[in-house]
Protein chains: 2
Amino acid sequence: MNSLREKIMAFYKTHRRMPSYGELVKLSAYKTKSAVHYAMSKLIDSGFVSRDKTGRLIPRNLTGSVRMLGLIEAGFPSPAEEELADTMSLDDYLIKNKEATYILRVKGDSMIDAGIYEGDMVLVERGKNPKPGDIVIAQVDGEYTMKYYRQRGKTIYLEAANAKYKPIFPTNELKIDAVVKAVIRQY
Amino acid sequence: MNSLREKIMAFYKTHRRMPSYGELVKLSAYKTKSAVHYAMSKLIDSGFVSRDKTGRLIPRNLTGSVRMLGLIEAGFPSPAEEELADTMSLDDYLIKNKEATYILRVKGDSMIDAGIYEGDMVLVERGKNPKPGDIVIAQVDGEYTMKYYRQRGKTIYLEAANAKYKPIFPTNELKIDAVVKAVIRQY
DNA sequence: AGTATATTAGAACGGTCGTTCTAATGTCAA
DNA sequence: TTGACATTAGAACGACCGTTCTAATATACT
């Protein structure tokens, strides 16, 4: 049935491109390209995939993208307005520098007053110069921690977003490993 | 120069597939496929792209994906361990049902004690049955709000994560539009 | 049963695919 | 300038591309 969809999705994930009609013959139960062509025409009508101007298949719904709406108060668009909703990729939106971006999982409650809880994921970028007020990943006494990057006069120090913890004034050098660019919490 | 890279990336973003060698001739300053083939061999050596077993180009670094590390305390891997880091797509990771997933921007402070601030983005899924304890987008008196979905006995009501706001007991019907699956905050 | 209709197999079409070869051109150092 | 090497143009190759046609088969309904 529609396991053809899943086959195509699986192919796309591993090969990072859409299969050709000849490859779909091997993937599917069809024995000829024309049968596949017929089946694809229906999948195209359903909006699952599209055809290039050269005829090649291009993905539509299996490419990671979300509809971007406005404020919560505005709510959801009617089916008629649905087409107007901007669709975008979270990857492209959140990640500017792919090579230097990492995701870490948060442990502890040192940034709880900044709305960053244990178990959250933080998207960090290495090799970026921190500005005062940024949340950074730093190495103090050989251990990694997440803190606010603060500046008072000429003194640089680290501050937690939790009254339980005292500010950290670096003894000698302060090694900032990465700057937190985004927080992601899943339910 | 290496604007060829950018051309390829632009092509990939718009066409959602890699260009063929013939298309690269039109894109680039080269006038023949063989020259492009030569240039691509160097880009492949640099790890920017790869070749399929059929010879077709497949993307490597321009596909949206982040390196997934462990806890913050574990820090960043050494260059030698770098290869071991799991890479993944945020889209694939966060979005289960593409058709029903939307992103909304938060206004107000009704969920502030749940670590959801004004300006944050919430990733919601429509048409999902809410469970008690879920954060939901609901329509009360014709307006959309984000609240906890609570149950006391047989009574369903909405509760804000902010002592300023009182629980909302629905007068007649309670219309739940979507369930919040993730929160994303950008700095 | 029969009869429309939907789906598949098979073959053939022109076109493009990636590859490879040779020859021409550009680049750089001695 | 000369020579060694890197890069490009051009043409040709077989293989595969998506498309289209006809004929065969499956499916659904009366």
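Below, read A as the first sequence line, B as the second, and so on, with proteins coming before strands; counting in each chain starts at 1.
For the pair A:E23 and A:K7, the salt-bridge criterion is not met [side-chain N within less than 4.0 Å of a carboxylate O]. Electrostatic pairing of A:E118 and A:K107 does not count as a salt bridge here, judged by no charged N lying under 4.0 Å from a carboxylate O. The pair B:D120-B:R105 does not count as a salt bridge, with every side-chain nitrogen at least 4.0 angstrom from each carboxylate oxygen.
Listed by residue number, the members of residues 23-36 of chain B with any heavy atom below 4.0 angstrom from DNA chain D are B:Y30, B:K31, B:T32, B:S34, B:A35.
Interatomic distance, A:S50 OG to B:R16 CZ, rounded to the nearest 0.5 Å: 8.5 Å. Note: A:I156 CD1 to A:I176 CD1 = 8.5 Å, rounded to the nearest 0.5 Å.
Within the helix from C:dG2-D:dC29 to C:dA30-D:dT1, the inter-axis angle between the opening and closing five-pair segments is 40°, rounded to 10°.
Nucleic acid contact class of B:K42 (heavy atoms, under 4.0 Å, all strands): sugar-phosphate only.
Taking atom CZ of residue B:R17 and atom P of nucleotide C:dT16, one finds them 13 Å apart after rounding to whole Å. For A:R56 and D:dT19, the CZ to C1' distance is 14 Å, given to the nearest whole Å. The CG-P distance, from B:D52 to D:dC17, rounds to 11 Å in whole Å. For the pair B:H37 NE2 and D:dA6 C1', the interatomic distance rounds to 17 Å; values are reported in whole Å. With rounding to whole Å, A:M40 atom CE is found 14 Å from C:dT7 atom C1'. Protein atom NZ of B:K53 is 18 Å distant from nucleotide atom P of D:dA15, rounded to whole Å.
At the phosphate of C:dT16, neither OP1 nor OP2 sits under 4.0 Å from any side-chain N or O atom of B:Y21. Considering only side-chain N and O atoms, B:S20 lies under 4.0 angstrom from the phosphate OP1 or OP2 of C:dC17.
Grouping Ile, Leu, Val, Met, Phe, Trp and Tyr residues whose side-chain heavy atoms lie under 4.5 Å apart, directly or via other members, places B:Y157 in a hydrophobic cluster with B:F169.
Residues in residues 28-51 of chain A take part in no salt bridge (Lys or Arg N to Asp or Glu O under 4.0 Å) pair, two or more places apart or across chains.
Evaluation of the salt bridge (charged side-chain N to carboxylate O under 4.0 Å, His left out) rule for A:K175 yields A:D177 as partners, not counting sequence neighbours. The side-chain hydrogen bond (donor to acceptor under 3.5 Å, both in side chains) search around B:D134 returns none, not counting sequence neighbours.
Here the nucleotide nearest the side chain of A:R51, chosen from D:dT19, C:dT19, D:dC17, is D:dT19. If you check C:dG18, D:dA6, C:dT7 against the side chain of A:Y38, the one that comes closest is C:dT7.
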